[in-house]
Amino acid sequence: MGECLKRSDTREPYLNTADVFEPLIRRLRSISALDQEDANCLRAIPISLRNLRSQQTVLAEGESASQSCIIVSGYCARTKSTAQGRRQIVSIHIPGEMPDLQTLFLVKLDHELCTLTDVSLAFVNHSDIRRLCKDRLTIRDVLWRDTLIEASLLREALLNLGQRPAPSRLAHLLYEVRERLKVLGLNDPSTFEMPLTQEQLGDALGISWVHTSRVVSMLRKEGVIDFSRGRVHVIDEKRFAALAEFDKLYLHQSPSE
DNA sequence: TCATTAACTGAGG
DNA sequence: CCTCAGTTAATGA
C-alpha cells in the first residue's frame with residue numbers, strides 16, 4: 001500500500017514518538033505560522049498509540065472521551081446514519097488530522113468516527129491540549145483556525161453532494177484529498193493513495209456502490225483518471241481539474257490570509 | 001470480499 | 001425521449 005499510509009511493524013512502530021506529530025505539524029504550518037518552539041511543545045505531548053483494523057469504530061455516537069486522536073497513518077471517516085441504516089460519510093480524514101478534537105468541547109459525539117483502512121492513531125489527553133492552549137497562544141489560535149477550516153470543508157462537501165453530478169462529485173472529492181495529501185509531502189501529484197472501497201466511496205458521494213463503479217469506469221474510459229487497487233492516477237490533469245471545478249480558496253492554506 | 005457489467009426500472013428534465 | 005441513478009443478479013479477480 002502507500003508509502004505514507006502504512007508501516008509494516010505494528011507492535012513497535014516508532015522509536016521516537018515525536019515522529020508521530022510530524023504530519024500534524026506540517027498541516028498546521030500550512031495554515032499558520034508555527035515557530036520551532038511551538039512545534040517542540042507539540043512533540044513533547046505524551047501519546048499512546050493504538051492500531052486499528054479497517055472498518056472499526058473508534059468512537060460511537062453518544063460517546064464521550066478524555067482523549068483525542070491524531071491520525072498517524074491510514075484514513076478515517078466521520079459518519080452518520082439514518083434510522084433505516086443508510087450511511088453517509090460526512091468527512092474523510094487523513095494522517096495529521098484530529099477528527100475527534102471536538103470532544104474537547106462537545107461532550108457527547110454527535111456522529112460515529114470509524115476507520116476506512118488499517119490505521120495507527122496517537123491519543124493525547126484533553127488535559128494536555130488544554131494546558132498547551134493556555135501556555136501557547138499560537139497553538140490555541142491554530143487549532144481554532146483548523147476547526148474553522150474544517151467547517152469550510154463541510155460547506156464545500158455539502159455543495160458537492162447537493163449540486164454536482166456524480167462524475168464531478170467524485171472528481172472533486174479526489175481532488176480535495178490530493179490537495180490535502182500535498183501538504184504532507186506528496187512528491188508526484190499525478191498519483192496518490194485512495195484506499196477506499198467503492199462502497200465507502202459511494203457512502204461519501206451519496207450514490208450506490210454499483211453507480212460508483214459505473215462512474216469510476218466512465219472516467220477511466222474517458223481517459224481522465226485511472227483508479228484501481230486503492231490508487232488514483234491522474235491521466236488528464238486539465239479535464240480532472242475542470243470536472244472537479246476545484247477552487248482551493250476554501251482550504252485556506254495560506255497562513256497569512 | 002470487492003469490482004464489473006448488463007438488464008431493467010423509475011424519476012425528472 | 002434522454003440522462004441519471006437505484007436495484008438485482010451474474011460473473012470475475
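Each chain gets a letter, A, B and so on, in the order the sequences are listed, and its residues count up from 1. Remember, it's a predicted structure, so these values are computed and weren't measured experimentally. Hydrogens, waters and symmetry mates are skipped; everything else that's a heavy atom, side chains included, is used.
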Could you tell me whether the phosphate oxygens of B/dT4, OP1 or OP2, come under 4.0 Å of any side-chain nitrogen or oxygen in A/S213? yes

Measure CG/A/D203 against P/B/dC2 and give the value in whole Å, please. 12 Å

Using whole Å, report how far CZ of A/R229 lies from P of B/dT4. 10 Å

If you only use heavy atoms from C-beta on, which nucleotide in C/dA5, C/dT7, B/dT4 is closest to the side chain of A/W209? B/dT4

When rounded to whole Å, the CD to P distance for the pair A/Q198 and B/dT1 reads 16 Å

With nearest nucleotides of DNA chain B determined for A/S228 and A/R214 from heavy-atom distances, which residue corresponds to the more 5′ nucleotide? A/S228

To the nearest angstrom, how far is A/K221 atom NZ from B/dA6 atom P? 7 Å

A/R169 side-chain N/O to A/R164 backbone N/O, donor-acceptor pair under 3.5 Å: yes

Within a reach of under 6.0 Å around CZ of A/R26, are more than 12 heavy atoms found that belong to other residues, nucleotides or ligands? no

Out of B/dT4, B/dC2, C/dA5, minimum distance to the side chain of A/R220 belongs to B/dT4

Will you find, in the side chains of A/T57 and A/E112, an N or O donor that is under 3.5 Å from an N or O acceptor? yes

Mapping A/M218 and A/V210 onto DNA chain C by nearest heavy atom, which one lands closer to the 5' end? A/M218

Could you tell me how the ring of A/F246 sits relative to the ring of A/H172: parallel (under 30°), tilted (30 to 60°) or perpendicular (over 60°)? tilted

Length of the CD-P vector between A/Q200 and B/dA3, whole Å: 9 Å

Roughly, in whole Å, what's the span from CD in A/E199 to C1' in C/dG6? 14 Å

Would you kindly say whether A/H126 and A/S68 are connected by a side-chain donor-acceptor distance under 3.5 Å? yes

With a 4.0 Å cut-off on heavy atoms, is A/G206 in touch with a base, just the backbone sugar-phosphate, or nothing at all? sugar-phosphate

May I have the distance from A/H211 (atom NE2) to B/dC2 (atom P), rounded to whole angstrom? 21 Å

Measure the distance from CD1 on A/I207 to P on C/dT3 and round it to the nearest whole Å. 18 Å

Which part of the nucleic acid, if any, lies within reach of A/S217 when heavy atoms closer than 4.0 Å are counted: base, sugar-phosphate only, or nothing? sugar-phosphate

